[in-house]
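Read through the structure below, which is laid out as structure tokens, and then see the notes.
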Amino acid sequence: MSVRVRFAPSPTGYLHIGGARTALYNYLYAKALGGTFILRIEDTDIERSNAEYEKLQIDDLKWLGITHDEGPDKPNPKYAPYRQSERSAIYQKYADQLIEKDLAYYDFCTEEELEVMKARAEAEGRDPVYEGKWKDPANKVEALERVKAGEKPAIRFRAPKKSYTLKDKVKGDVTYPANMVGDFVIVRSNGLPVYNYCCVIDDMLMEISHVIRGEDHLNNTVRQLMIYEALNAKLPEFAHVSLLIGSDRQKLSKRHGATSVNLYRNENYLPEAMCNYLTLLGWSHPSETDIFSKSDLFSIFSLERFSGHAAMYDLEKLKWVNGQHLKKMENEDIIKMLSGMPEATGFNQQDPAWKNTAVTLLKQYADFVSDIPKKAEEMIFGEHIEMKNELMEILGWETTPKIIDYLHGEMNKITTPFVTEAELTSWMDFAKKDLAIKGKPLFQGIRAALTGQEHGPDLKLLIPLTPVSIIKKRLSLLSKTKQEKDG
RNA sequence: GCUCCCAUCGUCUAGCCCGGUCUAGGACAUCGCCUUUUCACGGCGGUAACAGGGGUUCGAAUCCCCUUGGGAGUACCA
């Protein structure tokens, strides 16, 4: 039997981090088993669903590189349509069959009547199970007549009074006691089906082989088990993955901050890093590595390595993972990403060779692509010199003014826009031999003179990237400050 | 309330199914040191966990029970 898995979001908002994670697990499983990954839109809640969100969610999935093989935009005629709102006739057909067989019944109770029943059950300490008159098969004739007369009842499924055991790939055997749920609505009075019902119909008809979803559906599954049984349908394999929680150990939601994928996308997170981190939240790599790409997992992803408990979403580690992916990226890809960023205009104005060298140097200091132009501004183009105590101390050494004077003179001889590494080396040699300065005063002195900073990257890499005009400005500023101080 | 799920460093986790190799391993964070000048890179090292209690057993992080704690579900939401 071929593997067919699905991600079935509701278009009621942006793609959530948690949703992206389950989508990813499904995608990886399909890839690992050579199966098909299907995107199905669960838009039966007309109040909250919005077609715009469907598009946005698909965009986010695409950005993450989680591409589906079938979906509303890639229909396979055998299984289409992929939006539940377009499958009403199908749900109706099966509901009619269930009513025919007395496995479900029409329910004309009003909301108020239901409330009363529920309140009474609660008062008596019972579980609120449906006990309306329509449950009684004796009233079926009356029900049919009222339907014929044009009334619009809900359709309620007759829940068998027996226990069910689910064989879950991550939770193991889960036994639901008899009477855990009462008769439940499968089709609303407005004609739209309810999640637990259409989910089963669709999974059955779309020949879904494995249902990989969040643990929040674990209790619902008993209802679905009942429907599968009533339909005499083959059960898929189930894998209920534990949930994502925030720092307060509550289910991850908007109030925990950035939980929409598009926010990370806007902040220049790398999609591969996002996928990498999300995979790790509840699943472990067999060889305990924690940096990998999606395709690295195609041969090893399995349902066997899920942890049973909820995982806390930790931005710190995500950032680190992002940095690791950034450091592995090819310079040209980074440069390409940067070329589209408005905040990188200064960087983008430089020539290709410069950019390449700068990226090699600066990515070591960055966690995000967007950190690179920031670091460039700070470490390469910065004209402002902050007179910190550490810097003042270096300027106070008797050797430093000599270095500044000497370098000032040398810089004035430079006519090219950039200093070469060879020139820098010759200055260092001069300072060492002719000025007889060595060790810390030599290196930190030169650094301070040329960069106005006490720390930073290797000068031999940094200085050839720095425009001569900027170095000259720094030198003038430093000698002026020094003179003022002396005077 | 009821039902279901879960429980290893602050966090993500390995180990648990098939008890001994676990004085419990890795990663993030944190702290310290090193890296022929510095450093946010890198390297080395430190602090830090089997929720509690009972069993079973020669032996339990691993199996069983209870307690506690956390999460989820209990809709004509998904």
Side-chain angles (χ1 to χ4, degrees), chain A residues 8-12 42-45 47-49 84 107 109-111 114 118 122 125-129 153-156 166 168 170-172 174-177 179-182 184-196 198-199 213-223 240 242-243 245 247 249-251 277 280-291 304-305 307-321 323-324 327 361-367 371 375 379 390 428 438-448 451 453-459:
Chain A
S10 297
T12 56
E42 307 216 326
D43 54 354
T44 57
D45 183 351
E47 307 276 302
R48 297 196 295 149
S49 294
Q84 292 185 330
D107 177 18
C109 285
T110 60
E111 214 173 298
L114 259 17
K118 199 176 165 188
E122 253 169 52
R126 291 181 287 115
D127 284 334
V129 293
I155 299 174
R156 206 170 270 276
L166 168 72
D168 192 88
V170 351
K171 299 294 180 185
V174 178
T175 300
Y176 308 96
N179 292 322
M180 183 176 169
V181 295
F184 54 93
V185 169
I186 54 174
V187 180
R188 300 170 173 98
S189 49
N190 66 5
L192 287 170
V194 153
Y195 169 74
N196 283 114
C198 43
C199 176
R213 71 200 346 174
E215 194 186 352
D216 46 343
H217 291 288
L218 189 59
N219 285 308
N220 280 148
T221 308
V222 67
R223 292 183 176 79
H240 285 97
S242 46
L243 268 18
I245 54 180
S247 49
R249 299 228 142 254
Q250 303 287 302
K251 187 174 169 179
Y277 178 65
L280 247 19
L281 246 29
W283 186 84
S284 60
H285 193 286
S287 56
E288 289 196 56
T289 29
D290 39 23
I291 298 299
E304 319 298 314
R305 300 194 62 82
S307 75
H309 57 269
M312 194 182 285
Y313 185 70
D314 174 23
L315 221 56
E316 283 300 324
K317 190 152 184 177
L318 204 209
K319 284 179 186 167
W320 176 79
V321 170
Q324 294 300 307
K327 285 166 185 78
L361 177 70
L362 299 174
K363 73 178 173 185
Q364 297 307 314
Y365 296 84
D367 278 335
D371 283 346
K375 293 290 171 193
M379 307 202 290
E390 278 174 274
M428 284 177 150
K438 59 185 178 180
K440 207 172 170 182
L442 172 70
F443 288 101
Q444 279 204 288
I446 291 177
R447 173 180 297 281
T451 70
Q453 312 252 337
E454 58 282 9
H455 303 305
D458 188 345
L459 287 176

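A note on names: the letters A, B, ... follow the listed sequences, proteins ahead of strands, and every chain is numbered from 1.
Straight-line distance between the P atoms of B/U13 and B/C6: roughly 15 Å, to the nearest whole Å. With P as the reference atom, B/U36 and B/U62 are 48 Å apart, rounded to whole Å. Rounded to a whole angstrom, the distance from the P atom of B/U47 to that of B/G26 is 12 Å. Using P as the reference atom, B/C18 and B/A75 are 38 Å apart when rounded to the nearest Å. Taking atom C1' on both B/G59 and B/C22, the two are 13 Å apart, rounded to the nearest angstrom. B/A29 and B/U21: their P atoms are spaced 32 Å apart (whole Å). Atom C1' of B/U30 sits at a distance of 43 Å from the matching atom of B/C77, rounded to the whole Å. As rounded to the nearest Å, B/C9 and B/A48 have P atoms that lie 14 Å from one another.
Side-chain atoms of A/D43 come within 3.5 Å of backbone atoms of A/Q84 as a donor-acceptor pair (strictly under, hydrogens ignored). At distances below 3.5 Å, not a single donor-acceptor pair connects side-chain atoms of A/S49 with backbone N or O atoms of A/P11. Side chain of A/T451 to backbone of A/Q453: a donor-acceptor contact under 3.5 angstrom is found. Side-chain atoms of A/K327 come within 3.5 Å of backbone atoms of A/A366 as a donor-acceptor pair (strictly under, hydrogens ignored). Put simply, the side chain of A/R249 never gets that close to the backbone of A/M312: no donor and acceptor are under 3.5 Å apart.
In this structure, A/T175 reaches the sugar-phosphate backbone alone: every heavy-atom distance under 4.0 Å involves primed, P, OP1 or OP2 atoms, never a base. No engagement by A/G445 is indicated, since no non-hydrogen atom pair under 4.0 Å with the nucleic acid exists. A/R213 comes within contact range of no nucleotide atom at all, as no heavy-atom separation falls under 4.0 Å.
Proximity of A/H285 to A/D290: side-chain heavy atoms (C-beta onward) are nowhere separated by under 4.5 Å. Side-chain contact between A/L361 and A/K375 is absent, with no heavy-atom pair separated by less than 4.5 Å.
Contact annotation: A/H309 side-chain N/O to B/U13 OP1/OP2 distance is under 4.0 Å. Contact annotation: A/S284 reaches the phosphate of B/A14 (side-chain N/O to OP1 or OP2, under 4.0 Å).
In this structure B/G73 sits in a base pair with B/C2, meeting the Watson-Crick or G-U test at under 3.5 Å. Base pairing annotation: B/U56 forms no Watson-Crick or G-U wobble pair, as no partner gives both donor-acceptor distances under 3.5 Å. With a cut-off of 3.5 Å on both pairing distances, the Watson-Crick or G-U wobble partner of B/A7 is B/U68. Shown here, B/U30 forms a base pair with B/G46; the pair counts as Watson-Crick or G-U wobble because both key distances fall under 3.5 Å. Partner assigned to B/U37 is none, using Watson-Crick or G-U wobble distances below 3.5 angstrom. Remark: B/U21 base-pairs with no nucleotide in the shown strands. Criterion, Watson-Crick or G-U wobble with two distances under 3.5 Å.
In this structure, A/K317 does not pair ionically with A/D314, as no charged nitrogen and carboxylate oxygen lie closer than 4.0 Å.
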Q: Encode nucleotides 23-46 of chain B as B, S and - characters from 5' to 3', where the letter depends on protein heavy atoms closer than 4.0 Å: B to the base, S only to sugar-phosphate, - to neither.
A: --BSBS--------BBBBSS----

Q) Could you run down nucleotides 64-78 of chain B 5' to 3' and tag each one B, S or - for protein heavy-atom contact under 4.0 Å? A) -------SBSSSBBB

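The distance from the CD1 atom of A/I186 to the CG atom of A/D107 is 11.5 Å, given to the nearest 0.5 Å.
Evaluated for a side chain to side chain donor-acceptor pair (under 3.5 Å) with A/H240, the options A/E215, A/R213, A/K171 yield exactly one hit, A/R213.
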